[in-house]
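Every chain is numbered from 1, with letters handed out A, B, ... down the list of sequences. This structure is a prediction, so every number in the text was calculated from the model and none was measured. Side chains are part of it too, since the values below use all heavy atoms of this structure and drop only hydrogens, waters and symmetry mates.
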Amino acid sequence: MAEMTVFLGPQHPFGHGLWTIKATLDGEVITDADPIIGYLHRGWEKECESRLFPQIIPMSSRLCYGSSLTWEHLYAKTAEELLGVEVPERAKYLRVIAIELCRIQSHLMWLAALGTDLGNLTVFLYAMRERELLLDLMVKLCGQRMTTNYPRIGGVRNDAPENYERDVLRVLKHLETKHKEQIDLNDNSSIFLSRMQDIGVVSKAEACNMGLVGPSMRASGVDFDVRRDDPYEVYDQFDYEVPVRKEGDAYARYSVRIEEMYQSAEIIRQAFKQMPEGPYRVKVPRAAPVGSHVARVEDPRGESLMWIVGDGGRTPYRLKVRSPNFVTLSLTKKLLLGYRLADLPAIMGSIDVCMGETDR
Amino acid sequence: MISMEEGKKDFIAAPTEEQIVQNVLAKFPDLVNHRATKTRRVYFKADIDVLFSLCKYMRDEMNFVHCSCVSGVDWETHLGTVYHISNYETGIMVEISVDIPYDKPEVDSVTPLWNGANFHEREAAELFGIVFNGHPDPRKLLLIEEYDFYPFRKSFKPAEVR
């Protein structure tokens, strides 16, 4: 049969953002796939070179609206370590709580998107409904739903509001019961399983070599989590598990993310128990010393990294962002080759695409 | 945990920071600048011609299976690339920095070693004008084909900030 080239995107429901897959098909089977990105490239890194250090925090949240708080935190952390600032203990705990809330809501948004990818609007509605509760918690803490602008260089913007612990624990308890119902909806559905299992398989060695990170990597059997193995903030103080699956298919990526939400809830509970009293923010110098610094954190999508160079001035000389999805999209061909076109939304849905951080 | 070539006799799955510095200096005595900056971070400054063999050594014998990031940078007197590679056993991240002259902006590609460097090198190539020799797919990635300037070089001035 003659080969056919299909352009999926840039406006396509599977994409969750502006990007294109140029897929070559032999009948229904994908024989080649080439990702075309760059529609959202806005020169973010260059723009940072003309901004003062604190001005980059709200810019970082625009990298990805789903995990905005993680990006702000990563920038604040990198800048702190370059400036040589020690963050107060209470601020570290507040950051961990905020990041983990952000991780749960990001994963819930991924679950909702996966639902629409598979044509299951019930999953979409349920996940979005629970996510709203977490966004309300964000509003209480930061005053914003998504682009939160909460971490600061040297701490966080404000202390936790009154009764915040009670509210968070109440939401987590509700979430865990509701979440169980949702997961049963998926796991007991033979349609869901047959669409997710044994597609988009990535082996352990491939996952390492091709730079797959985060939940997708752990679904391929690589037992590595930046929070546990290269701890930052106060992640070494908590007792939690890092879910790992061996299969490496779309369903394994799904189940790793689902399990991660429970572990995040566990971390938040422990953080509230251990959180000390004290200041939540310190004064910081305005100019950076000459030198460079690198920091990495575990984003909801995987290992994200920032490398920052100071030249003695009040703006960074160079700021490089390593976005987990930027590298994941280079695996597009590997993920899709040999599978059918109808599997494409499920495979791409399982890696949680976000274009804002990819194109920068 | 993961080894590229199992059964090699020099293979160290979980080297410490000191072991990395000692082993690399024994193998590459010309490295001018190196330090273990802090816990789980090691820094090397390499020449262009030893970069590929250093990276290959790190991957095959020190078990650095993951290339986190390849950054291009314009130092105004010369260009440069910086590689961040990590070991999944120990959580150690090594930074390798290379200077590249303006008049011959070429460096060996590490994509044949780590496929994860693929998009990072394509990005640095189009934004800084660095040529990565041996890259399997040297097309433009983020910018359109017609751009014949390198926007992330310091000589390219963006519009005035208000």
Expected output: side-chain A/R322 to main-chain B/S68 donor-acceptor under 3.5 Å: yes

CZ-SG distance between A/R296 and B/C69, expressed to the nearest 0.5 angstrom: 11.5 Å

For B/L142 against A/F326, the heavy-atom pair lying closest together: CD2-CE1, 4.4 Å

Shortest non-hydrogen separation from B/G116 to A/V327 and the atoms involved: O-CG1, 3.8 Å

Check: B/R139 and A/D34 side chains under 4.5 Å, non-hydrogen atoms: yes

Structural part of A/I37 lying under 4.5 Å from a heavy atom of chain B: both

Side-chain ion pair, A/R360 and B/E123, N-O less than 4.0 Å: yes

Under 4.5 Å from any heavy atom of chain B - which part of A/E49: side chain

Atom NZ of A/K22 with >12 non-hydrogen neighbours under 6.0 angstrom: no

Stacked cation flag A/K320 on B/F152, 6.0 angstrom / 45 deg: no

Contact origin within B/E76 toward chain A - heavy atom pairs under 4.5 Å: both

Chi angles and distances behind the side-chain contact (heavy atoms from CB on, under 4.5 Å) call for B/I144, A/H41: CA-CA 11 Å; B/I144 56 173; A/H41 181 64; over 6 Å; no

Short side-chain to backbone donor-acceptor contact, A/R318 and B/G72, under 3.5 Å: yes

Whether over 12 other heavy atoms sit under 6.0 Å from B/Y147 OH: no

Contact class of A/P231 relative to chain B, heavy atoms under 4.5 angstrom: both

Atom NZ of B/K27 with >12 non-hydrogen neighbours under 6.0 angstrom: no

A/Y317, part contacting chain B, at a heavy-atom distance under 4.5 Å: both

Contact origin within B/K140 toward chain A - heavy atom pairs under 4.5 Å: neither

Residues, nucleotides or ligands: over 12 heavy atoms within 6.0 Å of B/E106 CD: yes

Value rounded to 0.5 Å, distance of OH in B/Y88 from CE in A/M217: 4.0 Å

Reported CZ-to-OG distance for the pair B/R122 and A/S330, which is rounded to 0.5 angstrom: 9.0 Å

Least distance between heavy atoms, B/W75 atom then A/V309 atom: CZ3-CG1, 3.8 Å

A/I36 portion near chain B, given a 4.5 angstrom heavy-atom threshold: neither

Reported CG-to-CG distance for the pair A/L331 and B/N118, which is rounded to 0.5 angstrom: 9.5 Å

Residues B/D137, A/K333: salt bridge by 4.0 Å N-O rule: no

Residue part contacting chain A, namely of B/V82, when any heavy atom lies under 4.5 Å: side chain

Residue A/R286 excluded, over 12 heavy atoms near CZ under 6.0 Å: no

Atom of A/K46, atom of B/F156 and distance for their closest heavy-atom approach: NZ-O, 3.0 Å

Residue A/V213 versus chain B: region with a heavy atom under 4.5 Å: side chain

Heavy-atom pair with the smallest gap, counting every atom of A/D229 and B/R40: O-CD, 3.8 Å

Nearest-0.5 Å distance, CD of residue A/E303 to NE2 of residue B/H84: 10.5 Å

Test item: A/N209 side-chain N/O and B/L113 main-chain N/O as donor-acceptor pair under 3.5 Å: yes

Full working for side-chain contact (heavy atoms from CB on, under 4.5 Å) between B/V65 and A/F224: CA-CA 12 Å; B/V65 291; A/F224 182 80; over 6 Å; no

Inter-residue atom distance A/T328.OG1 - B/F119.CZ, 0.5 Å rounding: 10.0 Å

